[in-house]
Amino acid sequence: MKPEEALEKILEDRFRWIDICYTDVIGNFKNLTLPSRKLSKSNFKEGIGNIDHESMFYAEGEHLILTPISETFAPVPWEPSTARFIALSNNPSDPRNILSKAEKMFEKETKCQLKIGSEIDYYLLDTLILTNEDKNVGIAIDSKEIGMNTYKGENENAMRRFQTVNGDIGRSIRMQASEYSEVMDVKINSHNHEKGKIQHEISLEKENVLKAADDYLTVKYATKNTSMVVGAIASFSPMICDSEPPNKVHINMSAWNKNENKFMSLEGEKLSDMGNYFTAGIIEHINSLSAFLLPSTLSYKKMSHIENIKVLNNIIRIPTPMFGEEDKRIEYRLADPSMNPYLGYSALICAGLDGIKKKETFDEKKVIRPPTNLTESLSSLMEDSEYLNKVFNSDFIHSYIELKEKEVKEKSSKVNLNEVTKYLNI
């Protein structure tokens, strides 16, 4: 959609408010709201307003100019008088600018278009009570669905996946969130109940890289707001309690040239040479990649006991295609919804291209030890960042590590409920 077409649509459908959305370095979706009369064709070239640098990078710096991207125009279904655009800032280290650079590099070096589609888990709660005061630390969650899923046994997780009727009380909210996402030009591949009592999954159709990352953030945005409208809470946190499975993201990748998937062999469901090299590059850099794909302290709560795991099926999978030949893909499984998709996808592209350049070989039988905490991932990123240099500048990587180290320090300096209960009567 061209700028003039977007402006005409705003007039025709009488949108009175326009959200100009952008993402910060952590992955929070943010927006500046304007009366629609303030938006003109010149804004799509010259940008809008001065946004403080700190709101994107958590550090002082020059103010940012946001330029709305006309192709990202979408109505905001739960606010009938509002539409939105996703915007780019004038800072080269804007996460969306980084992904744009990575996408162009992939196309230049492979003569292919990379397509990505993600499967995203989340929790759906009726009630969330948090206390994080100096003398009162704790969390309480509740949901009607918890009461309907009381079975505890060997097959409890398997029984909940894809369930329906009264066991999937969040279905109507998930359906509405999916409907709103489609209205906002996000193509939903499927959605279902997941293994946790209050856990759900939305799967997105594959798109060109930038659109895929925009869609990732849009579906989270739609799901959170749909839930809020009916008084529920959608959380994409990697963990929300010890008893439920972690939320994960599976990232599906395929490379296309003239309707041919260059990651896959013409024989069956095996990787081509390019797919083999690309996958091997990802495995080679998996520890430093985790700083972007598992970027929170909660990302590692269920991994601290892991010694070694097999690469095939645990980290990389070549799934049986759901919708025929066009659905063949490489699936990366070591990521969670706390990632910033612009940064996570960019890092995967850089690692895969490094594998193609070096003609690395993917060993399906390889066993590795992934990072078991965020500190390990950040240390790996400090030691292994050269493959990222064509897309991420060194100042950005240094600032990102510094920001995440503050999160680690903050977490280790705070009292948590488990520590209190363990040592209360010592």
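Values reported hereafter were calculated over all heavy atoms of this structure, with side chains retained and with hydrogens, waters and symmetry mates removed. In what follows, residues are counted from 1 in the order of the sequence shown.
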Return yes if some donor-acceptor pair links the side-chain N/O of [X] with the main-chain N/O of [Y] below 3.5 Å, else return no.
| X | Y | result |
| --- | --- | --- |
| N308 | V367 | no |
| S70 | M1 | yes |
| T23 | N28 | yes |
| R329 | P319 | no |
| E205 | K187 | no |
| D363 | K365 | yes |
| S399 | D395 | yes |
| K404 | P295 | yes |
| K262 | T110 | no |
| H53 | L64 | no |

Nearest heavy-atom neighbours spanning P95 and D24
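In terms of heavy atoms, the two residues are closest at CG-O, 3.8 Å.
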Closest non-hydrogen atom pair, I349 against F106:
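Heavy atoms only, the tightest pair is CG2-CB, 4.0 Å.
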Which residues satisfy the side chain to side chain contact (heavy atoms under 4.5 Å, CB included) test with V229, sequence neighbours excluded?
W78
For H63, check side chain to side chain contact (heavy atoms under 4.5 Å, CB included) against everything at least two apart and list the hits.
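Applying side chain to side chain contact (heavy atoms under 4.5 Å, CB included) to H63 gives N50, D52.
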Can [X] and [Y] be counted as having a side-chain donor-acceptor contact under 3.5 angstrom?
| X | Y | value |
| --- | --- | --- |
| N91 | S89 | no |
| S118 | Y345 | yes |
| S299 | S296 | yes |
| Y123 | N247 | no |
| N192 | S190 | no |

So how far is it from [X] [atom1] to [Y] [atom2], rounded to the nearest 0.5 Å?
| X | Y | atom1 | atom2 | value |
| --- | --- | --- | --- | --- |
| S290 | N373 | OG | CG | 11.0 Å |
| E194 | Y122 | CD | OH | 11.0 Å |
| K101 | S93 | NZ | OG | 9.0 Å |
| M382 | H398 | CE | NE2 | 10.0 Å |
| S237 | D121 | OG | CG | 12.0 Å |

Run E107 and K104 through salt bridge (charged side-chain N to carboxylate O under 4.0 Å, His left out) and show every step you take.
CA-CA 5 Å; E107 291 175 2; K104 289 172 183 173; over 6 Å; no
Tell me, please, which residues at least two apart from E109 pass salt bridge (Lys or Arg N to Asp or Glu O under 4.0 Å).
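Partners of E109 by the salt bridge (Lys or Arg N to Asp or Glu O under 4.0 Å) criterion, ordered by chain and then number, come out as K390.
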Using the six-membered ring wherever Trp is involved, compare the ring planes of Y400 and F396 and label them parallel, tilted or perpendicular (cut-offs 30° and 60°).
parallel
Take Y22 and S55 through the test side-chain hydrogen bond (donor to acceptor under 3.5 Å, both in side chains) and record every step on the way to the result.
CA-CA 10 Å; Y22 65 101; S55 73; 2.8 Å; yes
May I have the list of side-chain donor-acceptor pairs in residues 276-289 shorter than 3.5 Å, sequence neighbours left out?
| from | atom 1 | to | atom 2 | distance (Å) |
| --- | --- | --- | --- | --- |
| N276 | OD1 | F362 | N | 2.7 |
| T279 | OG1 | G275 | O | 2.7 |
| H285 | ND1 | D384 | OD1 | 3.2 |
| H285 | ND1 | D384 | OD2 | 2.8 |
| H285 | NE2 | D354 | OD2 | 2.7 |
| S288 | OG | H285 | O | 3.1 |
| S288 | OG | D384 | O | 3.4 |
| S288 | OG | D384 | OD2 | 3.0 |
| S288 | OG | Y387 | OH | 2.9 |

Could I get the full list of side-chain hydrogen bond (donor to acceptor under 3.5 Å, both in side chains) partners for T82, not counting sequence neighbours?
E79
Excluding sequence neighbours, so at least two apart, what forms side-chain hydrogen bond (donor to acceptor under 3.5 Å, both in side chains) with Y332?
none
Give the C-alpha distance, both sets of side-chain angles, the deciding distance and a yes or no for salt bridge (charged side-chain N to carboxylate O under 4.0 Å, His left out) between R96 and D214.
CA-CA 9 Å; R96 200 177 190 278; D214 291 343; 2.6 Å; yes
Could you check D19, N31, T72, T218 and say which one makes a side chain to side chain donor-acceptor pair (under 3.5 Å) with R84?
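With R84 as partner, D19, N31, T72, T218 yield a single side chain to side chain donor-acceptor pair (under 3.5 Å), made by T218.
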Given Y221, which of Y180, F29, Y216, F236 fulfils the ring pair (Phe, Tyr, Trp, His ring centres under 6.0 Å) condition?
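Output: one option passes, namely F29.
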